[in-house]
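For the numbers below, each heavy atom of this structure counts, side chains included, while hydrogens, waters and symmetry mates do not.
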Amino acid sequence: MEGFRDPTLLSRVATVALGAYAVSKTFTAIMWFIDPGAIAAVGVGAILYLVALLACYVLVAMWIYRTNANAHLFSDDVTITPGWSVGWFFVPFANLVMPFRGVRETWQESHEAAGRFEEVDSPLLGWWWGLWIATNIVSNMAGMFGGYNPDALEAAPYVNLAAAAMSVASSLVLIQLMRRLNSAQLAASQGSVFA
């Protein structure tokens, strides 16, 4: 299919970044929970977490852009452009709905083009978006409780652990979503050659 770009390598690299993000966030939360005085270990974990988080932002955004661009090749029914499928994440209030719509359109049109009609309305999308929103809320609460500050509220280590657990769950669901969408797009691109 002319113009189709395989998203597999991007998703594999994003998967590594998501794994590093989840591990570093969990390590930092556990270290702070066990010994708030372990500033050096928490600091190293926080630096690794920040690097992994930034890598996730960039790589997942690139993957979303690429898969949306591919979905436009499969169908004229995709209404959100590749640029806006990423851009909506940065628009206040709209970022609560529009990024989900962009990924859902990409998912649905890719699965239809692949002939995988039973997966067009997968609950995986809802799980991904719900965990994304919940992770952001709990992570913001952790910051309001003091995060990893020595003067943090007494409940902060517990909220940090909850945020880490939600981050792991969110990352695992996103990895599954990327794998399944990649598979559908590859099948759709190969099927269209013979159409």
| Are Val78 and Trp107 co-members of a hydrophobic cluster defined by side-chain heavy atoms under 4.5 Å apart? | no
| query | Do any N or O atoms from the side chain of Ser85 and from the backbone of Pro82 form a donor-acceptor pair under 3.5 angstrom? | reply | yes
| field | Leu181 side chain near Ser110 side chain, heavy-atom distance below 4.5 Å | value | yes
| Among all residues two or more places apart in sequence or in another chain, which pass the salt bridge (Lys or Arg N to Asp or Glu O under 4.0 Å) test with Glu112? | none
| Backbone N/O of Ala20 and side chain of Ser24: donor-acceptor pair under 3.5 Å | yes
| task | Using the test salt bridge (Lys or Arg N to Asp or Glu O under 4.0 Å), find all partners of Arg104 that sit at least two apart in sequence or belong to another chain. | result | none
| Are Met144 and Val159 side-chain neighbours, meaning at least one heavy-atom pair lies under 4.5 Å? | no
| message | I need the Phe4 CZ to Leu186 CG distance, nearest 0.5 Å. | response | 5.0 Å
Side-chain donor-acceptor contacts of residues 87-103 below 3.5 Å, not counting sequence neighbours, with atom names and distances?
unit_1: Asn95; atom_1: OD1; unit_2: Phe93; atom_2: N; d: 3.4

| Distance from Asp77 atom CG to Glu109 atom CD, nearest 0.5 Å? | 5.0 Å
| said: Going by ring-ring contact (aromatic ring centres under 6.0 Å, His included), Tyr158 matches just one of Phe145, Phe33, Trp32. Which one? | reply: Phe33
Hey, can you pull the donor-acceptor pairs under 3.5 Å for the side chains in residues 37-63, sequence neighbours left out?
unit_1: Trp63; atom_1: NE1; unit_2: Asn182; atom_2: OD1; d: 2.9

| query | Transitively linked via ILVMFWY side-chain contacts under 4.5 Å: Leu18 with Val173? | reply | yes
| said: Restricting to side-chain hydrogen bond (donor to acceptor under 3.5 Å, both in side chains), what partner residues turn up for Ser183, sequence neighbours left out? | reply: Arg116
| task | Give the cluster check for Met178 versus Tyr65: same hydrophobic cluster or not, with ILVMFWY residues linked at side-chain heavy-atom distances below 4.5 Å. | result | yes
| Roughly how far, to the nearest 0.5 Å, is the CG atom of Asn160 from the CE atom of Met141? | 11.0 Å
| request: Please examine the side chains of His111 and Ser122, heavy atoms only from C-beta on, and report whether any two atoms are closer than 4.5 Å. | output: no
| query | To the nearest 0.5 Å, how far apart are CG in Asn70 and CG in Asp6? | reply | 8.5 Å
| request: Give a yes-or-no answer on whether the side chains of Glu105 and Thr79 include a donor-acceptor pair shorter than 3.5 Å. | output: yes
| query | Tell me the side chain to side chain donor-acceptor pair (under 3.5 Å) pairs involving residues 123-135, sequence neighbours left out? | reply | none
| Can you tell me how far the CZ atom of Arg179 sits from the OG1 atom of Thr15, to the nearest 0.5 Å? | 6.0 Å
| message | How long is the straight-line distance from CD of Gln108 back to CG of Leu125, given to the nearest 0.5 Å? | response | 7.5 Å
| Mind checking whether Leu131 and Ile64 sit in one hydrophobic cluster, side chains of I, L, V, M, F, W, Y counted as touching below 4.5 Å? | yes
| Taking everything shown except Glu118 itself, do over 12 heavy atoms lie less than 6.0 Å from its CD? | yes
| request: Mark yes or no for whether His72, through its side chain, and Thr106, through its backbone, hold a donor-acceptor pair below 3.5 Å. | output: no
| query | Do you know which two heavy atoms are closest between Arg66 and Pro7, and how far apart they sit? | reply | CD-CA, 3.9 Å
| task | For the pair Leu10 and Arg5, evaluate side chain to side chain contact (heavy atoms under 4.5 Å, CB included) and give the outcome as yes or no after the intermediate values. | result | CA-CA 10 Å; Leu10 262 179; Arg5 295 184 63 199; over 6 Å; no
| said: Applying a strict under-4.5 Å side-chain criterion to I, L, V, M, F, W and Y, I'd like to know whether Met166 and Val23 cluster together. | reply: no
| remark: Minimal heavy-atom distance between Val168 and Ala22, with the atoms involved, is CG2-CB, 3.8 Å
